[in-house]
Amino acid sequence: MTELTELTAVRLLDGYRKGEWSPVEAARAVLERAEAVQPEVNAFVRLTAEEALEQARESEERWRRGEPRGLLDGVPVTVKDILLQRGAPTLRGSRAVDPAGRWDEDAPSVARLREHGAVFIGKTTTPEFGWKGVTDSPLSGITRNPCDPSRTAGGSSGGSAAAVALGAGPLSLGTDGGGSVRIPASFCGIFALKPTYGRVPLYPASAFGTLAHVGPMTRDAADAALLMDVIGHPDSRDWSALSAPAGPYTEGLAGGVRGLRVAYSPSLGGQVAVQPAVARAVRRAVERLAELGAYVTETDPDLTDPVEAFHTLWFSGAARVTQHLGPHQRELLDPGLREICARGARYSALEYLAAVDVRMDLGRRMGRFHDTYDLLVTPTMPLTAFEAGAEVPKGSGHRRWTGWTPFTYPFNMTQQPAASVPVGADADGLPIGLQLVAARHRDDLVLRAAHALYGARVASAGGVRLSGS
């Protein structure tokens, strides 16, 4: 019997079309799976079973009439609890947010999912206001890795990554301000795309400004392309949203990588210490790209670590998002968040603008780099998942999460599309991710190359099953 929780969205839709299974069957299977894994992994802030089953019944009736609504009718989806979802409180991982409210508006990406008939299973966990690269919060506790619950799922979209990996819905919406879809995708063994800034509209605007992206978290690149065809359209509430893409991302997937110019940077010019197992897995995948016809050159972009400029922008954003809180509410915050907010509040306007200058220069240099190379390949993360409940690996000497995420946050500063593709595992069975980066507006190339890796079986869409579940 087909295990519905292990299917991609593309395969689920094909089954609806052929009458092999129904949206109600899929929703029930996914809800059962989510409820079974929640006690051990803690991927969800809340599950919305009653609403999901009602949406699935409505979808089933549309499919029975041969009148499906949109591209995702009946597909179970989850939403990170940073994005507004009508009828559900959006608490952002914080005890300082009042759950009492109207909650009567969808974020643009959520609205597009609703218009296309998706079935909303639940809201997934986030660190408080999405501030760090692991997922734990004073509100919902620790989200754990589906491959090893003693390890972190990564963050800040860790709940979404764990849900997708465990079969609790094939599609999830995450957010990424410094790696927040790519970090947990790498740690949990799924696919995630941070699109070009503005490709997926965001409302309300993030306090982290133009560092913040909304992106798909899925079982493979084909599902991500399908989701992008739904959410990657302008919304009048986002003044910085891009115009509609030239055509469907799904139609460009089959182009392969033959003839693409690929730059492979194993360590950003020796700036990053990469675990040997990670380095080996990424190199093997790059060699496969060459076998598939890409022109691969081992070279490094002109990129010096912009971490101090990133901190200025990021910590200032954190200070802004908590600025309205009173003393009692501030006492409820994650201590690490309180610390960076205090630092962010001390930056001057001139310091902020100096960080913007660093960002603009970095964008210029990467723009020139992509005049020569279509794609840049790096590890997504220099390491595999470490102990749950810690912001940094024990004994690493790092102070903040940015110390162990040097491959991700630079490309939030440049606004480029970047994806994490699962390409193997270490000796402990912990997933390893490869990062694909393209020039701004070339999301299609990132998806195409990732799809080629899945087609070559370098990347795997296989899910995870916890022992006893």
Side-chain angles (χ1 to χ4, degrees), residues 70-72 77 79-86 90 92 103-118 120 126 129-130 156-157 160 171-182 192-218 223-252 313-314 317 320-321 356 359-360 362-363 366-367 370 409 411-419 437-447:
L71 299 177
L72 295 176
V77 301
V79 176
K80 183 181 181 180
D81 198 36
I82 289 287
L83 298 168
L84 292 179
Q85 180 178 325
R86 192 175 74 226
T90 299
R92 300 177 173 90
W103 307 113
D104 58 358
E105 190 171 21
D106 284 328
S109 52
V110 177
R112 301 296 86 76
L113 288 178
R114 200 180 297 278
E115 291 164 5
H116 281 259
F120 292 93
T126 175
F129 301 110
S156 63
S157 305
S160 287
L171 306 179
S172 193
L173 291 179
T175 63
D176 189 316
S180 290
V181 301
R182 291 161 289 154
L193 171 69
K194 177 189 75 67
T196 299
Y197 178 79
R199 170 52 57 216
V200 180
L202 180 60
Y203 172 85
S206 172
F208 297 107
T210 57
L211 294 171
H213 304 230
V214 177
M217 306 184 72
T218 62
D223 270 12
L226 176 62
L227 186 47
M228 284 296 293
D229 285 344
V230 170
I231 64 176
H233 293 270
D235 187 290
S236 60
R237 294 172 291 174
D238 183 350
W239 65 272
S240 62
L242 298 175
S243 59
Y249 290 107
T250 46
E251 290 184 1
L313 300 171
W314 192 253
R320 176 62 176 161
V321 81
V356 172
R359 182 182 190 182
M360 290 191 294
L362 185 64
M366 287 307 303
H370 285 289
Y409 59 78
F411 303 109
N412 291 80
M413 298 183 76
T414 61
Q415 303 189 341
Q416 294 171 249
V437 184
R440 291 175 71 244
H441 312 295
R442 294 313 310 266
D443 306 67
D444 60 316
L445 286 183
V446 172
L447 289 165

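Everything numeric in this text was worked out from a predicted model, so none of it was measured.
Inter-residue side-chain proximity for T175 and V181 is flagged as unmet; no heavy-atom pair is nearer than 4.5 Å. Counting heavy atoms from C-beta on, the side chains of R86 and W103 never come closer than 4.5 Å.
Listed here is the closest heavy atom pair of L113 and V230: N-CG1, 4.1 Å. Annotation for S109 and I231: closest pair O-CG2, 3.7 Å, computed over non-hydrogen atoms. Between V446 and A419 the shortest heavy-atom distance is CG1-CB, 3.4 Å. Heavy atoms only, all atoms of each residue included: G70 and H116 are closest at CA-ND1, 3.4 Å. Nearest heavy-atom pair across P195 and G215 is CD-CA, 3.8 Å.
A search for side-chain hydrogen bond (donor to acceptor under 3.5 Å, both in side chains) contacts involving R199 returns Y249, not counting sequence neighbours. Scored by the salt bridge (Lys or Arg N to Asp or Glu O under 4.0 Å) test, R442 finds D444 as partners (sequence neighbours excluded). Listed by chain and number, the residues in a ring pair (Phe, Tyr, Trp, His ring centres under 6.0 Å) with F208 are W314 (sequence neighbours excluded). Scanning for side-chain contact (heavy atoms from CB on, under 4.5 Å) contacts around P204 gives L84, with sequence neighbours left out. With sequence neighbours left out, Y197 forms a side-chain hydrogen bond (donor to acceptor under 3.5 Å, both in side chains) with S240. For D176, the salt bridge (Lys or Arg N to Asp or Glu O under 4.0 Å) partners are R182, not counting sequence neighbours. Y409 is linked by a ring pair (Phe, Tyr, Trp, His ring centres under 6.0 Å) to F310, counting only residues two or more places apart in sequence or in another chain. The side-chain hydrogen bond (donor to acceptor under 3.5 Å, both in side chains) search around T196 returns D443, not counting sequence neighbours. For the side-chain hydrogen bond (donor to acceptor under 3.5 Å, both in side chains) test, residues two or more places apart in sequence or in another chain that qualify with Q416 are H370, T414. Partners of R114 according to the salt bridge (Lys or Arg N to Asp or Glu O under 4.0 Å) rule, which considers only residues two or more places apart in sequence or in another chain, are D106. Under the side-chain contact (heavy atoms from CB on, under 4.5 Å) criterion, A246 pairs with no residue, sequence neighbours left out.
Rounding to the nearest 0.5 Å gives a distance of 10.0 Å between OH of Y203 and OG of S236. Note: Q85 CD to K80 NZ = 14.5 Å, rounded to the nearest 0.5 Å. Atom CD1 in I82 sits 6.5 Å away from atom OG in S156 (nearest 0.5 Å). For the atom pair CG (D229) and OG1 (T250), the distance works out to 4.0 Å, reported to the nearest 0.5 Å.
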Given side-chain contact (heavy atoms from CB on, under 4.5 Å), test L193 with T218 step by step and report yes or no.
CA-CA 9 Å; L193 171 69; T218 62; over 6 Å; no
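Side-chain atoms of K194 and S180 include no donor-acceptor pair closer than 3.5 Å.
Judged as a salt bridge (Lys or Arg N to Asp or Glu O under 4.0 Å), the pairs with a partner in residues 236-246 (not counting sequence neighbours) are, in order, E105-R237, D235-R237.
Judged by distance alone, the side chain of S157 and the main-chain N or O of G174 form no donor-acceptor pair under 3.5 Å. Remark: side-chain polar atoms of H233 are not paired, donor with acceptor, to backbone N or O of A244 under 3.5 angstrom. Looking only at distances, a side-chain donor or acceptor of R359 sits under 3.5 Å from a matching main-chain atom of N412.
The only member of L173, T126, T90 that meets side-chain contact (heavy atoms from CB on, under 4.5 Å) when paired with L83 is L173.
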